Amino acid sequence: MQTWRRLRPWVQAVALVLFFYLLVGERHARFSLANLFFQLDPLAGIADMLASRRLLGIMAAGAFTTLVITLVLGRIWCGWICPLGTVLDWTPGRRPRLDQLDPSPHWRKVKYFLLTLILIAALLGNLTLIFLDPITLLYRTSVTVLWPGLVHLITGAEMAMYRVSFLRPLVDGFESAVRGSVLPLYQPLYRANVLIASLFVAILAMNAVHKRFWCRYLCPLGAFLGLVSKMAWLRRTVGEGCTGCHLCARACPMGTIDPTHNDESDPSECIMCLECTPVCPRSEQHFTGHWQMAPWHTYDPSRRQIITSGGAALALVGLVGVEPPAEQKHPRLIRPPGVREEEFLSRCIRCGVCLDVCPTSGLQPSLGEAGWAGLWTPILVPRLGYCDYACNACGQACPVGAIPPLPLGEKQQTVIGHAYIDHNRCIPWADLQDCIVCEEMCPVPDKAIVLEEAN
(Lines give C-alpha, C1' and ligand atoms only; values in the text may rest on other atoms or scores of the structure.)
Protein backbone atom coordinates (compact mmCIF):
# COMPACT_ATOMS: atom_id res chain seq x y z
CA MET A 1 0.00 0.00 0.00
CA GLN A 2 2.87 2.37 0.75
CA THR A 3 4.21 1.80 -2.76
CA TRP A 4 0.90 2.93 -4.25
CA ARG A 5 0.85 5.96 -1.96
CA ARG A 6 4.33 7.01 -3.12
CA LEU A 7 3.29 6.48 -6.73
CA ARG A 8 0.25 8.76 -6.49
CA PRO A 9 2.10 12.14 -6.57
CA TRP A 10 3.97 11.02 -9.68
CA VAL A 11 0.74 10.01 -11.42
CA GLN A 12 -0.77 13.36 -10.46
CA ALA A 13 2.24 15.23 -11.82
CA VAL A 14 2.20 13.30 -15.10
CA ALA A 15 -1.55 13.93 -15.53
CA LEU A 16 -1.14 17.66 -14.83
CA VAL A 17 1.82 17.99 -17.21
CA LEU A 18 -0.14 16.11 -19.87
CA PHE A 19 -3.10 18.45 -19.36
CA PHE A 20 -0.98 21.56 -19.99
CA TYR A 21 0.99 19.88 -22.78
CA LEU A 22 -2.22 19.15 -24.66
CA LEU A 23 -3.43 22.69 -23.97
CA VAL A 24 -0.30 24.21 -25.54
CA GLY A 25 -0.13 21.64 -28.31
CA GLU A 26 -3.76 22.21 -29.28
CA ARG A 27 -2.84 25.64 -30.61
CA HIS A 28 -0.03 24.46 -32.86
CA ALA A 29 -0.83 20.89 -33.94
CA ARG A 30 -3.66 18.44 -34.43
CA PHE A 31 -3.16 15.87 -31.69
CA SER A 32 -5.59 12.97 -31.75
CA LEU A 33 -5.64 13.06 -27.93
CA ALA A 34 -5.88 16.85 -27.60
CA ASN A 35 -9.33 16.63 -26.01
CA LEU A 36 -8.50 13.62 -23.83
CA PHE A 37 -9.54 15.16 -20.51
CA PHE A 38 -12.86 16.39 -21.93
CA GLN A 39 -13.52 12.96 -23.43
CA LEU A 40 -12.96 11.34 -20.03
CA ASP A 41 -15.16 13.89 -18.22
CA PRO A 42 -18.54 12.15 -17.66
CA LEU A 43 -20.32 15.28 -16.41
CA ALA A 44 -19.45 17.39 -19.47
CA GLY A 45 -20.21 14.53 -21.84
CA ILE A 46 -23.54 13.48 -20.32
CA ALA A 47 -24.74 17.08 -19.84
CA ASP A 48 -23.90 17.92 -23.45
CA MET A 49 -25.67 14.82 -24.76
CA LEU A 50 -28.74 15.58 -22.63
CA ALA A 51 -28.93 19.19 -23.77
CA SER A 52 -28.29 18.52 -27.47
CA ARG A 53 -30.38 15.32 -27.68
CA ARG A 54 -27.59 13.50 -29.53
CA LEU A 55 -25.11 10.73 -28.88
CA LEU A 56 -21.43 11.68 -29.07
CA GLY A 57 -19.51 8.48 -29.67
CA ILE A 58 -16.12 9.57 -28.32
CA MET A 59 -17.58 11.47 -25.36
CA ALA A 60 -19.89 8.56 -24.49
CA ALA A 61 -17.03 6.06 -24.67
CA GLY A 62 -14.79 8.25 -22.52
CA ALA A 63 -17.50 8.83 -19.92
CA PHE A 64 -18.26 5.11 -19.83
CA THR A 65 -14.56 4.35 -19.27
CA THR A 66 -14.32 6.77 -16.34
CA LEU A 67 -17.51 5.40 -14.77
CA VAL A 68 -16.33 1.79 -15.07
CA ILE A 69 -13.01 2.67 -13.43
CA THR A 70 -14.93 4.45 -10.67
CA LEU A 71 -17.15 1.40 -10.11
CA VAL A 72 -14.03 -0.71 -9.60
CA LEU A 73 -11.57 1.64 -7.85
CA GLY A 74 -13.75 4.39 -6.40
CA ARG A 75 -13.08 8.12 -6.89
CA ILE A 76 -9.56 7.52 -8.16
CA TRP A 77 -10.20 10.17 -10.84
CA CYS A 78 -10.50 12.86 -8.15
CA GLY A 79 -7.49 11.72 -6.15
CA TRP A 80 -5.11 10.69 -8.93
CA ILE A 81 -6.08 12.20 -12.30
CA CYS A 82 -8.10 15.42 -11.99
CA PRO A 83 -5.74 18.34 -12.76
CA LEU A 84 -7.72 20.78 -10.62
CA GLY A 85 -7.57 18.32 -7.71
CA THR A 86 -3.80 18.14 -8.12
CA VAL A 87 -3.53 21.95 -8.07
CA LEU A 88 -5.60 22.00 -4.87
CA ASP A 89 -3.39 19.31 -3.32
CA TRP A 90 -0.34 21.46 -4.07
CA THR A 91 -1.99 24.58 -2.67
CA PRO A 92 -1.38 25.14 1.06
CA GLY A 93 -4.47 24.23 3.02
CA ARG A 94 -5.75 24.24 6.59
CA ARG A 95 -5.49 21.09 8.69
CA PRO A 96 -8.05 21.64 11.48
CA ARG A 97 -8.13 19.94 14.87
CA LEU A 98 -10.02 16.70 15.30
CA ASP A 99 -13.02 18.49 16.78
CA GLN A 100 -13.09 20.77 13.72
CA LEU A 101 -12.72 18.14 10.97
CA ASP A 102 -16.11 18.71 9.45
CA PRO A 103 -18.27 20.99 11.59
CA SER A 104 -21.10 20.99 9.10
CA PRO A 105 -21.24 17.83 6.95
CA HIS A 106 -24.52 19.03 5.48
CA TRP A 107 -22.53 21.53 3.41
CA ARG A 108 -21.67 18.53 1.22
CA LYS A 109 -25.22 18.76 -0.05
CA VAL A 110 -24.24 21.84 -2.06
CA LYS A 111 -22.28 19.87 -4.65
CA TYR A 112 -25.18 17.43 -5.10
CA PHE A 113 -27.53 20.36 -5.52
CA LEU A 114 -25.26 21.82 -8.22
CA LEU A 115 -24.98 18.43 -9.92
CA THR A 116 -28.73 17.86 -10.15
CA LEU A 117 -29.24 21.50 -11.15
CA ILE A 118 -26.76 21.12 -14.03
CA LEU A 119 -28.23 17.81 -15.24
CA ILE A 120 -31.87 18.88 -15.02
CA ALA A 121 -31.11 22.20 -16.73
CA ALA A 122 -29.24 20.24 -19.43
CA LEU A 123 -32.28 18.03 -19.87
CA LEU A 124 -34.19 21.26 -20.55
CA GLY A 125 -31.58 22.31 -23.11
CA ASN A 126 -29.57 24.72 -20.96
CA LEU A 127 -25.81 24.39 -20.31
CA THR A 128 -25.19 27.71 -18.57
CA LEU A 129 -23.83 26.18 -15.35
CA ILE A 130 -21.53 23.67 -17.04
CA PHE A 131 -18.77 26.24 -16.56
CA LEU A 132 -18.53 24.86 -12.99
CA ASP A 133 -17.24 21.55 -14.30
CA PRO A 134 -13.63 21.34 -12.98
CA ILE A 135 -12.05 20.38 -16.32
CA THR A 136 -13.72 23.21 -18.25
CA LEU A 137 -13.02 25.59 -15.36
CA LEU A 138 -9.28 24.87 -15.26
CA TYR A 139 -8.93 24.79 -19.05
CA ARG A 140 -10.74 28.11 -19.49
CA THR A 141 -8.65 29.70 -16.74
CA SER A 142 -5.44 28.37 -18.26
CA VAL A 143 -6.33 29.66 -21.73
CA THR A 144 -7.48 33.13 -20.75
CA VAL A 145 -5.31 33.84 -17.68
CA LEU A 146 -2.36 31.54 -17.02
CA TRP A 147 -1.07 31.04 -20.57
CA PRO A 148 -1.37 34.71 -21.67
CA GLY A 149 0.29 35.80 -18.43
CA LEU A 150 3.17 33.37 -18.95
CA VAL A 151 3.64 34.52 -22.56
CA HIS A 152 3.72 38.14 -21.41
CA LEU A 153 6.31 37.38 -18.72
CA ILE A 154 8.52 35.48 -21.18
CA THR A 155 8.31 38.29 -23.73
CA GLY A 156 9.14 40.88 -21.06
CA ALA A 157 12.13 38.86 -19.87
CA GLU A 158 13.37 38.56 -23.46
CA MET A 159 13.10 42.31 -23.97
CA ALA A 160 15.05 42.95 -20.77
CA MET A 161 17.74 40.40 -21.68
CA TYR A 162 18.05 41.75 -25.22
CA ARG A 163 19.38 45.03 -23.84
CA VAL A 164 22.49 43.11 -22.73
CA SER A 165 24.62 42.63 -25.84
CA PHE A 166 26.16 39.24 -24.98
CA LEU A 167 22.70 37.78 -24.22
CA ARG A 168 21.22 38.68 -27.61
CA PRO A 169 22.38 35.48 -29.39
CA LEU A 170 20.76 33.45 -26.62
CA VAL A 171 17.48 35.35 -26.95
CA ASP A 172 17.56 35.08 -30.75
CA GLY A 173 18.14 31.34 -30.55
CA PHE A 174 15.32 30.91 -28.05
CA GLU A 175 12.95 32.95 -30.20
CA SER A 176 13.72 31.00 -33.36
CA ALA A 177 13.23 27.72 -31.50
CA VAL A 178 9.92 28.37 -29.70
CA ARG A 179 8.21 31.41 -31.22
CA GLY A 180 5.50 30.16 -33.53
CA SER A 181 5.98 26.52 -32.55
CA VAL A 182 5.34 26.73 -28.79
CA LEU A 183 4.83 30.41 -28.03
CA PRO A 184 2.27 32.30 -30.13
CA LEU A 185 3.41 34.93 -32.62
CA TYR A 186 1.19 37.53 -30.96
CA GLN A 187 0.38 38.16 -27.32
CA PRO A 188 -2.98 36.49 -26.48
CA LEU A 189 -5.48 38.98 -25.08
CA TYR A 190 -8.78 38.07 -23.43
CA ARG A 191 -11.41 40.23 -21.84
CA ALA A 192 -12.99 39.24 -18.52
CA ASN A 193 -9.74 37.51 -17.59
CA VAL A 194 -9.78 39.27 -14.22
CA LEU A 195 -13.23 37.83 -13.49
CA ILE A 196 -12.16 34.35 -14.57
CA ALA A 197 -8.96 34.62 -12.53
CA SER A 198 -10.94 35.79 -9.49
CA LEU A 199 -13.13 32.68 -9.61
CA PHE A 200 -10.08 30.44 -9.81
CA VAL A 201 -8.28 32.27 -7.00
CA ALA A 202 -11.41 32.00 -4.85
CA ILE A 203 -11.42 28.22 -5.33
CA LEU A 204 -7.76 28.04 -4.28
CA ALA A 205 -8.40 30.38 -1.34
CA MET A 206 -11.09 28.04 -0.03
CA ASN A 207 -8.26 25.71 0.99
CA ALA A 208 -7.70 28.14 3.87
CA VAL A 209 -11.04 26.98 5.30
CA HIS A 210 -10.56 23.26 4.65
CA LYS A 211 -8.15 21.26 2.55
CA ARG A 212 -9.82 20.51 -0.80
CA PHE A 213 -12.84 22.65 0.12
CA TRP A 214 -13.92 22.73 -3.54
CA CYS A 215 -13.83 18.93 -3.81
CA ARG A 216 -15.66 18.43 -0.50
CA TYR A 217 -18.53 20.84 -0.92
CA LEU A 218 -18.83 22.32 -4.41
CA CYS A 219 -17.46 20.16 -7.24
CA PRO A 220 -20.36 18.81 -9.36
CA LEU A 221 -18.13 16.26 -11.10
CA GLY A 222 -16.95 15.01 -7.71
CA ALA A 223 -20.59 14.66 -6.66
CA PHE A 224 -21.34 12.64 -9.79
CA LEU A 225 -18.41 10.28 -9.26
CA GLY A 226 -19.24 10.13 -5.55
CA LEU A 227 -22.68 8.72 -6.24
CA VAL A 228 -21.16 6.11 -8.53
CA SER A 229 -18.59 5.29 -5.81
CA LYS A 230 -21.42 4.20 -3.54
CA MET A 231 -21.24 0.98 -5.56
CA ALA A 232 -17.45 0.89 -5.92
CA TRP A 233 -15.79 -2.49 -5.37
CA LEU A 234 -12.58 -1.23 -3.73
CA ARG A 235 -13.19 0.56 -0.43
CA ARG A 236 -11.40 1.53 2.74
CA THR A 237 -11.99 -0.56 5.86
CA VAL A 238 -10.65 -0.43 9.42
CA GLY A 239 -9.23 -3.54 11.10
CA GLU A 240 -10.25 -4.87 14.48
CA GLY A 241 -6.94 -3.79 15.98
CA CYS A 242 -7.79 -0.08 15.65
CA THR A 243 -6.95 1.76 18.89
CA GLY A 244 -9.09 4.81 18.14
CA CYS A 245 -6.19 7.25 17.93
CA HIS A 246 -7.99 9.09 15.10
CA LEU A 247 -4.74 9.95 13.31
CA CYS A 248 -6.28 8.73 10.08
CA ALA A 249 -9.14 11.21 10.47
CA ARG A 250 -6.60 13.99 10.98
CA ALA A 251 -4.73 13.00 7.81
CA CYS A 252 -7.75 12.64 5.51
CA PRO A 253 -7.88 15.67 3.13
CA MET A 254 -11.56 15.06 2.40
CA GLY A 255 -12.69 14.80 6.03
CA THR A 256 -14.61 11.63 5.25
CA ILE A 257 -13.21 9.55 8.15
CA ASP A 258 -15.58 9.91 11.08
CA PRO A 259 -13.84 9.59 14.49
CA THR A 260 -17.22 9.25 16.21
CA HIS A 261 -18.09 6.08 14.25
CA ASN A 262 -15.05 3.85 14.61
CA ASP A 263 -13.08 5.92 12.08
CA GLU A 264 -15.21 4.60 9.22
CA SER A 265 -15.29 6.46 5.93
CA ASP A 266 -17.82 7.10 3.20
CA PRO A 267 -16.63 5.68 -0.16
CA SER A 268 -18.51 8.41 -1.99
CA GLU A 269 -16.26 11.00 -0.32
CA CYS A 270 -13.01 8.99 -0.30
CA ILE A 271 -10.70 9.96 -3.20
CA MET A 272 -8.37 6.97 -2.69
CA CYS A 273 -5.44 9.23 -1.79
CA LEU A 274 -4.11 6.66 0.75
CA GLU A 275 -2.99 9.45 3.11
CA CYS A 276 -4.57 7.57 6.00
CA THR A 277 -2.33 4.50 5.65
CA PRO A 278 1.11 5.77 6.79
CA VAL A 279 -0.15 7.44 9.99
CA CYS A 280 -1.83 4.33 11.40
CA PRO A 281 0.49 2.94 14.15
CA ARG A 282 -0.91 -0.58 13.76
CA SER A 283 -1.44 -0.62 9.95
CA GLU A 284 -5.16 -1.21 10.37
CA GLN A 285 -6.16 0.76 7.27
CA HIS A 286 -7.09 -1.67 4.48
CA PHE A 287 -8.55 -1.35 0.98
CA THR A 288 -10.57 -4.44 0.11
CA GLY A 289 -13.31 -5.52 -2.26
CA HIS A 290 -17.02 -5.18 -1.44
CA TRP A 291 -20.12 -6.21 -3.33
CA GLN A 292 -22.75 -4.38 -1.27
CA MET A 293 -23.79 -0.81 -1.88
CA ALA A 294 -22.47 1.66 0.71
CA PRO A 295 -25.01 3.09 3.17
CA TRP A 296 -26.68 6.44 2.53
CA HIS A 297 -25.72 9.46 4.65
CA THR A 298 -27.70 12.50 5.71
CA TYR A 299 -25.80 14.75 3.31
CA ASP A 300 -26.43 12.51 0.29
CA PRO A 301 -29.09 13.75 -2.16
CA SER A 302 -32.65 13.15 -1.05
CA ARG A 303 -35.92 13.19 -2.93
CA ARG A 304 -36.65 16.65 -1.52
CA GLN A 305 -33.28 17.96 -2.72
CA ILE A 306 -33.83 16.59 -6.21
CA ILE A 307 -37.24 18.28 -6.34
CA THR A 308 -35.67 21.53 -5.12
CA SER A 309 -32.94 21.29 -7.78
CA GLY A 310 -35.57 20.62 -10.41
CA GLY A 311 -37.48 23.72 -9.37
CA ALA A 312 -34.29 25.78 -9.45
CA ALA A 313 -33.48 24.43 -12.92
CA LEU A 314 -36.95 25.36 -14.17
CA ALA A 315 -36.52 28.86 -12.74
CA LEU A 316 -33.08 29.19 -14.32
CA VAL A 317 -34.20 28.08 -17.76
CA GLY A 318 -37.32 30.23 -17.53
CA LEU A 319 -35.43 33.36 -16.54
CA VAL A 320 -32.75 33.11 -19.21
CA GLY A 321 -35.44 32.35 -21.79
CA VAL A 322 -37.28 35.63 -21.28
CA GLU A 323 -34.35 38.03 -21.10
CA PRO A 324 -33.92 40.35 -24.12
CA PRO A 325 -31.01 38.46 -25.81
CA ALA A 326 -33.23 35.39 -26.00
CA GLU A 327 -35.71 37.23 -28.22
CA GLN A 328 -33.56 39.81 -29.97
CA LYS A 329 -30.06 39.14 -31.28
CA HIS A 330 -27.37 41.45 -29.99
CA PRO A 331 -25.93 43.58 -32.86
CA ARG A 332 -22.38 42.56 -31.93
CA LEU A 333 -23.04 38.87 -31.42
CA ILE A 334 -20.78 37.24 -34.02
CA ARG A 335 -20.40 33.49 -33.65
CA PRO A 336 -17.67 31.22 -35.08
CA PRO A 337 -18.26 29.98 -38.67
CA GLY A 338 -21.19 27.64 -39.19
CA VAL A 339 -22.77 28.12 -35.77
CA ARG A 340 -26.55 28.13 -35.40
CA GLU A 341 -27.42 29.98 -32.22
CA GLU A 342 -30.13 27.75 -30.71
CA GLU A 343 -28.23 24.52 -31.38
CA PHE A 344 -24.97 26.08 -30.26
CA LEU A 345 -26.23 27.09 -26.80
CA SER A 346 -27.32 23.51 -26.12
CA ARG A 347 -23.97 22.08 -27.24
CA CYS A 348 -21.21 24.44 -26.09
CA ILE A 349 -19.62 23.35 -22.79
CA ARG A 350 -17.78 26.69 -22.28
CA CYS A 351 -14.39 24.96 -22.23
CA GLY A 352 -12.31 27.59 -24.04
CA VAL A 353 -10.64 25.23 -26.54
CA CYS A 354 -11.74 27.40 -29.46
CA LEU A 355 -10.29 30.47 -27.74
CA ASP A 356 -7.01 28.64 -27.37
CA VAL A 357 -6.65 27.69 -31.04
CA CYS A 358 -7.75 31.05 -32.48
CA PRO A 359 -4.49 32.52 -33.86
CA THR A 360 -5.61 36.15 -33.59
CA SER A 361 -7.40 36.07 -30.20
CA GLY A 362 -10.49 37.19 -32.07
CA LEU A 363 -12.63 34.61 -30.27
CA GLN A 364 -13.48 35.87 -26.79
CA PRO A 365 -15.70 34.62 -23.95
CA SER A 366 -19.17 36.11 -24.19
CA LEU A 367 -20.28 38.39 -21.37
CA GLY A 368 -23.61 40.04 -22.07
CA GLU A 369 -23.90 39.70 -25.85
CA ALA A 370 -25.65 36.31 -25.67
CA GLY A 371 -27.35 36.82 -22.32
CA TRP A 372 -27.00 34.52 -19.33
CA ALA A 373 -27.78 31.49 -21.47
CA GLY A 374 -24.66 32.15 -23.51
CA LEU A 375 -22.31 33.20 -20.71
CA TRP A 376 -18.66 32.24 -21.47
CA THR A 377 -19.57 30.93 -24.94
CA PRO A 378 -17.23 32.12 -27.74
CA ILE A 379 -17.97 35.19 -29.83
CA LEU A 380 -15.83 37.04 -32.35
CA VAL A 381 -14.71 40.52 -31.26
CA PRO A 382 -13.18 42.07 -34.42
CA ARG A 383 -11.63 44.98 -32.54
CA LEU A 384 -9.46 42.46 -30.66
CA GLY A 385 -8.75 40.07 -33.52
CA TYR A 386 -10.06 39.15 -36.96
CA CYS A 387 -11.25 35.78 -38.22
CA ASP A 388 -8.30 34.45 -40.24
CA TYR A 389 -9.53 33.61 -43.74
CA ALA A 390 -7.10 30.67 -43.97
CA CYS A 391 -8.01 29.18 -40.58
CA ASN A 392 -10.73 26.73 -39.55
CA ALA A 393 -9.11 25.61 -36.29
CA CYS A 394 -12.03 26.40 -33.97
CA GLY A 395 -14.35 23.92 -35.65
CA GLN A 396 -11.68 21.25 -35.90
CA ALA A 397 -10.70 21.57 -32.22
CA CYS A 398 -14.14 21.79 -30.55
CA PRO A 399 -14.41 18.66 -28.36
CA VAL A 400 -18.20 18.37 -28.64
CA GLY A 401 -18.81 19.61 -32.19
CA ALA A 402 -20.66 22.72 -31.05
CA ILE A 403 -18.69 24.59 -33.71
CA PRO A 404 -19.14 22.61 -36.97
CA PRO A 405 -15.83 21.16 -38.28
CA LEU A 406 -16.17 22.88 -41.65
CA PRO A 407 -13.59 22.14 -44.35
CA LEU A 408 -11.50 25.22 -45.09
CA GLY A 409 -13.15 25.84 -48.45
CA GLU A 410 -16.64 25.72 -46.95
CA LYS A 411 -15.58 27.85 -44.00
CA GLN A 412 -14.28 30.53 -46.38
CA GLN A 413 -17.71 30.75 -48.00
CA THR A 414 -19.59 30.95 -44.69
CA VAL A 415 -20.91 34.37 -43.67
CA ILE A 416 -20.44 35.10 -39.95
CA GLY A 417 -21.26 38.80 -39.81
CA HIS A 418 -22.15 41.87 -41.81
CA ALA A 419 -19.65 44.68 -42.35
CA TYR A 420 -20.83 48.25 -42.71
CA ILE A 421 -19.20 51.57 -43.54
CA ASP A 422 -18.83 54.24 -40.89
CA HIS A 423 -19.26 57.37 -43.01
CA ASN A 424 -17.70 59.48 -40.28
CA ARG A 425 -14.38 57.63 -40.50
CA CYS A 426 -14.19 56.20 -44.02
CA ILE A 427 -11.71 58.36 -45.99
CA PRO A 428 -13.76 58.64 -49.23
CA TRP A 429 -16.83 59.70 -47.25
CA ALA A 430 -15.29 61.79 -44.49
CA ASP A 431 -12.32 63.35 -46.34
CA LEU A 432 -13.47 63.03 -49.97
CA GLN A 433 -10.20 61.31 -50.89
CA ASP A 434 -9.56 58.15 -52.89
CA CYS A 435 -8.99 54.96 -50.87
CA ILE A 436 -9.46 51.29 -51.82
CA VAL A 437 -7.57 49.61 -48.96
CA CYS A 438 -10.55 47.51 -47.85
CA GLU A 439 -11.11 46.18 -51.37
CA GLU A 440 -7.39 45.40 -51.77
CA MET A 441 -7.20 43.52 -48.47
CA CYS A 442 -10.34 41.43 -49.02
CA PRO A 443 -9.09 37.82 -49.39
CA VAL A 444 -12.20 36.48 -51.13
CA PRO A 445 -11.34 35.66 -54.77
CA ASP A 446 -14.49 37.27 -56.15
CA LYS A 447 -14.16 40.19 -53.70
CA ALA A 448 -16.91 40.59 -51.15
CA ILE A 449 -16.29 44.36 -51.24
CA VAL A 450 -17.36 46.08 -54.47
CA LEU A 451 -16.39 49.69 -55.19
CA GLU A 452 -18.71 52.03 -57.04
CA GLU A 453 -17.61 55.32 -58.56
CA ALA A 454 -19.83 58.24 -57.76
CA ASN A 455 -19.74 61.76 -59.17
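Everything numeric here is computed off the predicted structure, so don't read it as measured data. Any value given below was found using the heavy atoms of this structure, including those in side chains, with hydrogens, waters and symmetry copies removed. Throughout, numbering of the chain's residues begins at 1 and tracks the sequence.
One finds no salt bridge joining R250 and E275 here, because no Lys/Arg side-chain nitrogen approaches an Asp/Glu carboxylate oxygen to under 4.0 Å. A salt bridge does not link R235 with D266: none of the charged nitrogens is closer than 4.0 Å to a carboxylate oxygen. A salt bridge between K211 and D89 is absent, with no side-chain N of the basic residue lying under 4.0 Å from a carboxylate O of the acidic one. Between K111 and E269 there is a salt bridge, since at least one side-chain N of the basic residue sits less than 4.0 Å from a carboxylate O of the acidic one.
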Next item on the list: For side chain to side chain contact (heavy atoms under 4.5 Å, CB included), just list the numbers for E158 and L153, CA-CA rounded to whole Å, side-chain angles, deciding distance to a tenth of an Å, and then say yes or no.
Entry: CA-CA 9 Å; E158 288 180 328; L153 291 176; over 6 Å; no
Checklist line | L88 vs C215, side chain to side chain contact (heavy atoms under 4.5 Å, CB included): CA-CA, chis, key distance, verdict | finding: CA-CA 9 Å; L88 291 173; C215 305; 3.7 Å; yes
Next item on the list: Apply side chain to side chain contact (heavy atoms under 4.5 Å, CB included) to W77 and L221, showing your working.
Entry: CA-CA 10 Å; W77 166 274; L221 177 57; 3.6 Å; yes
Next item on the list: In sequence, state the C-alpha distance, the side-chain angles, and the governing distance for K109 and D300, and then conclude on salt bridge (Lys or Arg N to Asp or Glu O under 4.0 Å).
Entry: CA-CA 6 Å; K109 289 184 177 182; D300 289 322; over 6 Å; no
Next item on the list: Output, in order, the C-alpha distance, side-chain angles, deciding distance and verdict of side chain to side chain contact (heavy atoms under 4.5 Å, CB included) for Y139 and F19.
Entry: CA-CA 9 Å; Y139 198 100; F19 177 84; 3.8 Å; yes
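L345 contributes atom CG, which lies 11.0 Å from atom CG of L375 (distance to the nearest 0.5 angstrom). Here the straight-line distance linking atom CD1 of I196 with atom CG of L137 works out to 9.0 Å at 0.5 Å rounding. Going from atom OG1 of T91 over to atom CG of N207 covers 5.5 Å, rounded to the nearest 0.5 Å. The NE2 atom of H297 sits 7.0 Å away from atom OG of S268, with the distance rounded to the nearest 0.5 Å. Atom CZ of residue F213 and atom SG of residue C219 lie 13.0 Å apart, to the nearest 0.5 angstrom. Distance check, rounded to the nearest 0.5 Å: CG of L227 to CG of L67 gives 11.0 Å.
Heavy-atom minimum distance, C270 versus F287: SG-CE2, 4.5 Å. Nearest heavy-atom pair, I379 versus S366, reported as atom, atom and distance to 0.1 Å: CG2-CB, 3.8 Å. Scanning all heavy atoms of the two residues, the minimum distance from L56 to M49 falls at N-SD, 3.5 Å. Residues W4 and W80 share a closest heavy-atom pair of O-CH2, 3.3 Å. Nearest heavy atoms, I69 versus I76: CG2-CG2, 3.7 Å. The shortest heavy-atom contact between D133 and I135 is OD2-N, 3.1 Å.
Contact of the C394 side chain with the C387 side chain is not registered, since no non-hydrogen atoms from C-beta on lie closer than 4.5 Å. Using a 4.5 Å heavy-atom threshold, the side chains of L316 and L124 count as separate. Contact check for T144 versus L355: side-chain heavy atoms found under the 4.5 Å cut-off. The shortest distance between side-chain heavy atoms of T136 and R350 does not fall below 4.5 Å. Put simply, the side chain of W147 reaches to within 4.5 Å of the side chain of P184, judged on heavy atoms. Side-chain atoms of S361 and L384, non-hydrogen and from C-beta on, never get closer than 4.5 Å to each other. You'll find the side chain of D263 reaches within 4.5 Å of the side chain of C242, heavy atoms only. Taking 4.5 Å as the limit, every side-chain heavy atom of I81 sits out of range of all side-chain heavy atoms of Q12.
Although no hydrogens or angles enter the test, the distance criterion places a donor-acceptor pair under 3.5 Å between the side chain of R212 and the main chain of G85. Although no hydrogens or angles enter the test, the distance criterion places a donor-acceptor pair under 3.5 Å between the side chain of W296 and the main chain of P301. No donor-acceptor pair under 3.5 Å is formed between the side chain of Q396 and the backbone N or O of P404. Between the R216 side chain and the M254 main chain, a donor and an acceptor come within less than 3.5 Å of each other. Between the side chain of T70 and the main chain of L225, no donor-acceptor pair closer than 3.5 Å is present. The main-chain N or O of A232 is never found under 3.5 Å from a side-chain atom of S229 such that the two would form a donor-acceptor pair. With hydrogens and angles ignored, the 3.5 Å screen pairs no side-chain donor or acceptor of Q292 with any backbone N or O of M231. Side-chain atoms of H290 come within 3.5 Å of backbone N or O of T288 as a donor-acceptor pair. Between the side chain of D356 and the backbone N or O of V24 there is no donor-acceptor pair closer than 3.5 Å. Using modelled atom types, no side-chain atom of N262 and backbone atom of E264 make a donor-acceptor pair closer than 3.5 Å.
Side chain to side chain, R5 and T277 fail the donor-acceptor criterion of an N or O pair below 3.5 Å. In this structure, a donor-acceptor pair under 3.5 Å is present between the side chains of R54 and S52. Side-chain contact of T377 with R335: a donor-acceptor pair under 3.5 Å is present, judged by distance alone.
With sequence neighbours left out, L367 forms a side-chain contact (heavy atoms from CB on, under 4.5 Å) with R191, A192, E369, W376. With sequence neighbours excluded, no residue forms a side-chain contact (heavy atoms from CB on, under 4.5 Å) with R53. Qualifying side-chain contact (heavy atoms from CB on, under 4.5 Å) partners for V178, counting only residues two or more places apart in sequence or in other chains: F174, V182, L183.
Within a 6.0 Å radius of CZ in R332, other residues, nucleotides and ligands contribute 12 heavy atoms or fewer. More than 12 heavy-atom neighbours from other residues, nucleotides or ligands sit within 6.0 angstrom of CE on M293. For I58, the CD1 atom counts as loosely surrounded, since its 6.0 Å shell holds 12 or fewer non-hydrogen atoms of other residues, nucleotides or ligands.
Remark: R108 is positioned above the aromatic ring of Y299, its terminal NZ or CZ atom under 6.0 angstrom from the ring centre and at most 45 degrees off the axis.
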